[in-house]
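All ligand and atom numbering here is 1-based and tracks the order in the structure. Residue indices begin at 1 and follow the sequence shown.
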Amino acid sequence: MQLVTAAEMQKIDNYTVETIGMPQDVLIERAAMAVLEVIGAGHFNLEHILVLAGLGNNGADGVAIARLLYAQGFNVSLQFVGNVARAKDTVQRQLAIIEKHGLVRAEKSDFNQATLIIDAIFGTGLNNILPEGLQKMIKAANHIEKAVIAVDTPTGIDATTGEVRGAALKAHTTVTFGYNKIGLTQKVGGYLSGHVVVKDIGLLTPADMTFSQPERLENDTTD
Ligand SMILES: NC(=O)C1=CN([C@@H]2O[C@H](COP(=O)(O)OP(=O)(O)OC[C@H]3O[C@@H](n4cnc5c(N)ncnc54)[C@H](OP(=O)(O)O)[C@@H]3O)[C@@H](O)[C@H]2O)[C@H](O)CC1
Ligand SMILES: [K+]
């Protein structure tokens with residue numbers, strides 16, 4: 001199994017979009033469908049699903065997940081985390097589409113009401129310590145021990161090192177795209193990621209790609 005850094009994953013993303021010509025929105029849709037497969041696998045109480053979406057492509061995945069759940073008749077709430085005006089265009093497009101589906105974003109959510117939280121706040125683009133307010137929200141969410149499915153990475157975990165950037169959501173399951181990330185297998189990231197499911201969403205890897213970590217053989221037990 002090949003483990004990758006955040007930068008290596010972003011290089012593969014960019015190659016797939018820029019060189020291969022796969023539209024980003026298609027990758028976002030496939031990422032969302034991959035998470036729905038895990039949500040629907042029967043291990044979670046789906047009575048009230050709360051999706052937390054951030055301002056980057058991780059958030060775009062989250063809004064698409066909320067839309068797919070809503071379209072299938074689930075009781076789903078969507079809370080945007082951050083300043084919508086600063087959101088990437090991928091997120092803006094997803095928000096416009098979900099609005100036309102009739103789903104109105106929640107301004108504030110009571111985590112206690114949710115039976116499952118979908119963490120789509122930050123993924124491999126995390127590049128700094130989390131804002132204070134978000135750290136508080138994450139610590140409160142961890143305290144009530146709700147079931148959390150993390151999209152790509154648990155928010156607050158550095159995808160390359162596994163270190164915590166101020167605070168990090170504890171996930172029951174992490175659905176990560178393309179390759180597993182080094183940060184989901186070591187340090188606190190190895191613990192907070194929970195059960196990691198790697199999903200293929202159609203990413204192509206450049207033939208000349210070099211990785212910082214050697215590929216581990218499937219039954220390789222070395223740490
Ligand atoms: N692998 C793939 O092909 C696909 C991945 N997808 C998803 O995309 C994310 C990565 O998306 P990205 O937009 O690069 O980053 P994030 O969504 O993780 O972060 C969003 C932006 O937030 C800003 N940021 C980062 N850290 C902080 C912080 N500590 N506090 C505040 N803001 C922060 C940062 O913006 P800057 O302007 O600061 O650079 C980030 O850009 C990946 O994880 C997948 O979920 C695709 O959707 C599907 C294909
Ligand atoms: K996330």
Could you identify the single nearest non-hydrogen protein atom to [atom] and state the distance to 0.1 Å?
atom	value
atom 14 (O) of ligand 1	K88 NZ, 3.7 Å
atom 31 (C) of ligand 1	F122 CZ, 3.7 Å
atom 37 (O) of ligand 1	R86 NH2, 4.0 Å
atom 35 (O) of ligand 1	N127 ND2, 4.4 Å
atom 10 (C) of ligand 1	T124 OG1, 3.4 Å
atom 8 (O) of ligand 1	N57 CB, 3.1 Å
atom 9 (C) of ligand 1	N58 N, 3.6 Å
atom 4 (C) of ligand 1	D13 OD2, 3.8 Å

With heavy-atom distances below 4.0 Å as the criterion, list the atoms of ligand 1 near G123.
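Listed by number with element, the hits are 16 (P), 18 (O), 43 (O).
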Distance under 4.0 Å to a non-hydrogen atom of L126: what atoms of ligand 1 satisfy this?
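In order of number, 18 (O), 25 (C), 26 (N), 29 (N).
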Could you check if a side-chain atom of [X] sits within less than 4.5 angstrom of a side-chain atom of [Y], using non-hydrogen atoms only?
X	Y	result
I12	P206	yes
Y15	T205	no
V91	L55	no
I157	R165	no

Least distance between heavy atoms, A7 atom then T160 atom:
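Nearest heavy atoms, A7 then T160: N-OG1, 4.5 Å.
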Give me the atom names and distance for the closest heavy-atom approach of F111 to K146.
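Answer, listing the atom of F111 first, then K146: O-CE, 3.2 Å.
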Take the K ion (ligand 2) as the vertex and measure to O of D119 and OD1 of N58; round to 10°.
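My answer is 90°, to the nearest 10°.
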Indicate yes or no: does an N/O atom of [X] lie under 3.5 Å from an N/O atom of ligand 1?
X	result
Q10	no
G125	yes
I28	no

Give a yes or no on whether [X] keeps an N, O or S atom under 3.4 Å from the K ion (ligand 2).
X	answer
F122	yes
D152	no
I121	no

What verdict does the side chain to side chain contact (heavy atoms under 4.5 Å, CB included) test give for I39 and I65, after you've listed the backbone C-alpha separation in whole Å, the side-chain angles of each residue and the deciding distance to 0.1 Å?
CA-CA 10 Å; I39 291 172; I65 290 163; 4.1 Å; yes
[X] [atom1] to [Y] [atom2] distance, which is reported to the nearest 0.5 Å:
X	Y	atom1	atom2	value
K181	Q213	NZ	CD	13.5 Å
F177	D152	CZ	CG	5.0 Å
M33	D61	CE	CG	13.0 Å

Chi angles and distances behind the salt bridge (charged side-chain N to carboxylate O under 4.0 Å, His left out) call for K11, E18
CA-CA 10 Å; K11 186 174 173 192; E18 306 305 329; over 6 Å; no
Counting heavy atoms only, name the option from D61, L130, D152, N128 that's nearest to atom 46 (C) of ligand 1.
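The option holding the nearest heavy atom is D61.
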Is ligand 1 under 4.0 Å from a heavy atom in the side chain of [X], in the backbone, in both, or in neither?
X	result
P131	side chain
Q24	side chain
L203	side chain

Is the shortest side-chain N to carboxylate O distance from E37 to K199 below 4.0 Å?
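Yes, this pair counts.
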Heavy atom of I201, distance to ligand 1 below 4.0 Å:
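The answer is yes: ligand 1 sits under 4.0 Å from a heavy atom of I201.
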Does R165 have a heavy atom less than 4.0 Å from any atom of ligand 1?
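No.
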Is it true that F74 and H48 have ring centroids separated by less than 6.0 Å?
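Ring-ring flag for F74/H48: false, centres at least 6.0 Å apart.
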Begin from the C-alpha positions of T161 and I182 and carry the test side chain to side chain contact (heavy atoms under 4.5 Å, CB included) through to its verdict.
CA-CA 7 Å; T161 66; I182 299 168; over 6 Å; no
